[in-house]
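First comes the structure, then the notes that go with it.
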Number of protein chains: 2
Amino acid sequence: MELSNYAALSVKGDETMNADGDGMAQARETGTLGKLMVLLDLVTHADGPLRFTDILSLAGQPRGTLHRQLSHLVEEGLLELDGDGRYAPGLRLLDFAARSWARNEFRLIAEPHLVDLQQATGETVHLGVLRGQSIIYLDKVEGRQPVRMYSQIGNASPCYCTGVGKAALSLLPAESLVDLLAGVNFTRFTAATHATAASLLAEIREIADQGYAFDREEHEAGIRCVAAPIWSEDRTFLGGVSITGPAYRLSMELLAQWVVPVQRAAERIMEGMRIRLGPRR
Amino acid sequence: MELSNYAALSVKGDETMNADGDGMAQARETGTLGKLMVLLDLVTHADGPLRFTDILSLAGQPRGTLHRQLSHLVEEGLLELDGDGRYAPGLRLLDFAARSWARNEFRLIAEPHLVDLQQATGETVHLGVLRGQSIIYLDKVEGRQPVRMYSQIGNASPCYCTGVGKAALSLLPAESLVDLLAGVNFTRFTAATHATAASLLAEIREIADQGYAFDREEHEAGIRCVAAPIWSEDRTFLGGVSITGPAYRLSMELLAQWVVPVQRAAERIMEGMRIRLGPRR
DNA sequence: GGTGTTGTTCCATTATTCGGAACTTAATTT
DNA sequence: AAATTAAGTTCCGAATAATGGAACAACACC
């Protein structure tokens with residue numbers, strides 16, 4: 001019933017006001033749509049279905065207004081209203097996403113290289129993109145284990161404690177990086193999670209030099225990974241590939257051996273992007 | 001570049017006007033949101049990224065208006081505008097969907113029973129819901145094969161040529177069924193696809209009596225399935241479970257043997273719904 | 001039958017969207 | 001290279017849709 005750590009994982013993140021000293025505030029108003037998206041965010045980020053009153057207190061809108069907004073969302077299939085008057089995410093979202101995923105050019109280019117990497121190492125391979133302050137996982141290739149699909153794909157994870165996230169951040173120019181980190185809320189998931197922008201910055205500088213990143217159980221205890229960055233030539237697109245697995249099986253020595261394969265996969269994906277999307281980008 | 005069979009697969013379907021003699025027209029106007037959703041539909045249903053002009057001709061809006069609408073969608077992350085001025089579905093859709101899927105109550109209830117059914121038969125098991133004239137697949141459990149997740153999940157498939165679809169339709173009262181079929185555009189995917197509402201109606205009457213449905217290579221040549229219906233007590237929620245596989249492996253005799261297991265799985269799922277969601281529904 | 005809670009409908013006011021046209025910018029032709 | 005066409009962007013008065021307060025139903029819990 002309670003809301004989950006909404007702010008920490010929010011893709012958008014700056015709905016209220018970012019305590020950013022810089023004058024350059026990102027574009028904000030999308031009028032009617034923006035307000036509706038806030039509601040969609042609220043409902044999809046909640047731990048379970050929300051009643052009208054719950055949303056009322058969270059959204060702080062007048063009752064009449066909120067009621068009409070929710071009705072519209074329900075009518076469009078973006079939300080669903082069950083028999084007990086509780087609002088849940090709508091199935092139309094699934095349909096949109098399935099199409100968006102199936103046709104995603106970047107993912108299609110990367111796919112064969114992810115499979116190669118999975119087979120070479122036997123461990124789970126992820127593909128992620130930096131979007132705002134979050135990493136969105138675009139694909140995942142696992143070994144033989146009983147399929148639990150969708151598990152990670154589409155999930156927005158924090159950028160400061162994942163391999164792909166840190167690899168992507170290392171591509172940013174120093175200034176943008178500092179700006180971005182200023183807005184990040186550092187939640188400590190494990191003992192190894194970076195707790196401050198300063199300590200993260202230091203590691204990212206290192207990663208930028210080396211060209212690869214580790215996740216030393218920073219997001220989830222017992223889970224490690226190696227990641228390599230991926231970027232478009234115009235740097236509008238930042239992401240990464242990673243190999244992930246349990247710490248008992250993936251020693252740091254083994255991870256170090258996988259640096260080269262991961263980097264090679266990243267390079268091949270970038271080569272594919274140049275060919276498919278044109279050399280300029 | 002061309003549009004795919006947009007109308008046939010559309011979840012919404014009645015944007016213009018349904019040739020429905022009945023006075024009870026379903027609610028329609030969602031104002032600003034509705035117009036934006038039409039655009040989202042256009043872009044997500046296209047075969048590839050669309051340029052501004054493409055959308056302009058498809059949407060039939062004034063240029064200035066369309067431009068602002070697309071800008072808003074892009075700003076919210078629902079669409080993405082690449083360097084070549086082409087619009088593609090945005091990644092935010094993935095994030096929404098991942099959450100919507102992970103927390104879907106019906107899916108969570110059904111999951112263990114799907115796994116059981118998969119292990120009992122060794123073939124692929126699907127869970128689907130009727131939404132408008134389409135079946136939306138909510139889950140899929142496969143055997144050992146190399147994982148290609150997301151493949152089917154979230155996809156909207158026609159109701160008239162899938163096992164789950166026909167099973168779900170068989171739950172509708174005769175009147176609603178006729179109304180619904182009046183709006184369906186019967187595309188012949190294979191030689192076995194029902195071509196008219198009449199022939200479909202005849203089979204659905206049979207299915208309603210029997211309590212299970214076959215798909216005899218009606219959607220895809222070489223693919224068969226058995227399905228059993230699932231419904232909430234108040235009949236607001238209709239769907240089904242199915243076992244799907246290649247015709248060379250799944251003889252009609254074998255499928256007939258699986259009727260009982262599929263029905264049992266469906267019953268257990270419904271029992272779970274009664275317990276979790278309250279007896280009324 | 002009251003009384004508080006929750007959800008829905010109504011309508012004048014206000015703010016946003018609409019859409020034609022003028023204006024850039026890029027591509028194509030002469 | 002200049003001229004021409006196409007493609008995309010910005011502007012602003014008019015039209016429309018969103019707003020939010022208040023009054024109205026539905027339901028539970030005393």
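Reminder, nothing fancy here: chain letters follow the sequence lines and each chain counts from 1. Only a predicted model underlies this, so the values are computations on that prediction, with no experimental measurement involved.
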Could you tell me the separation between the [atom1] atom of [X] and the [atom2] atom of [N], rounded to a whole number of Å?
X	N	atom1	atom2	result
A/Leu39	D/dA18	CG	P	13 Å
A/Leu70	D/dT19	CG	P	11 Å
A/Leu56	C/dT6	CG	P	10 Å
B/Leu66	C/dT17	CG	P	15 Å
B/Leu50	D/dG8	CG	C1'	16 Å
A/Leu36	C/dT16	CG	P	13 Å
A/Lys35	C/dT17	NZ	C1'	11 Å
B/Gln61	C/dA21	CD	P	17 Å

Between [options], which nucleotide gets closest to the side-chain atoms of [X]?
X	options	value
A/Arg68	C/dT8, C/dG19, D/dA18	D/dA18
A/Thr53	D/dT19, C/dC18, C/dT6	C/dT6
B/Thr65	C/dG19, D/dT19, D/dT9	C/dG19
A/His72	D/dA18, D/dG20, C/dT8	D/dA18
B/Arg63	C/dT6, C/dA22, C/dT8	C/dA22

Do side-chain atoms of B/Trp101 reach the backbone of A/Leu94 as a donor and acceptor pair under 3.5 angstrom? no
Is it true that a side-chain atom of A/Thr236 and a backbone atom of A/Ser232 form a donor plus acceptor pair closer than 3.5 Å? no
Would you mind checking if B/Glu105 and A/Arg86 are paired as a salt bridge, meaning a charged N to carboxylate O distance below 4.0 Å?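 The answer is yes: the pair qualifies as a salt bridge.
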So, are B/Arg92 and B/Glu80 salt-bridged, with charged N and O less than 4.0 Å apart? no
B/His67 side chain N/O closer than 4.0 Å to the phosphate oxygens (OP1, OP2) of D/dG8?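 No, because none of the side-chain N or O atoms of B/His67 sits under 4.0 Å from OP1 or OP2 of D/dG8.
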OP1 or OP2 of D/dT19 sitting under 4.0 Å from any side-chain N/O of A/Gln69? yes
Pick base, sugar-phosphate or nothing for B/Thr32, based on heavy-atom distances below 4.0 Å to the nucleic acid.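 Answer is sugar-phosphate: B/Thr32 comes under 4.0 Å of backbone atoms only.
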Partner of A/Leu138 by side chain to side chain contact (heavy atoms under 4.5 Å, CB included), out of A/Leu114, A/Val129, A/Val164: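 Going through A/Leu114, A/Val129, A/Val164 one by one, the side chain to side chain contact (heavy atoms under 4.5 Å, CB included) with A/Leu138 is satisfied by A/Val129 alone.
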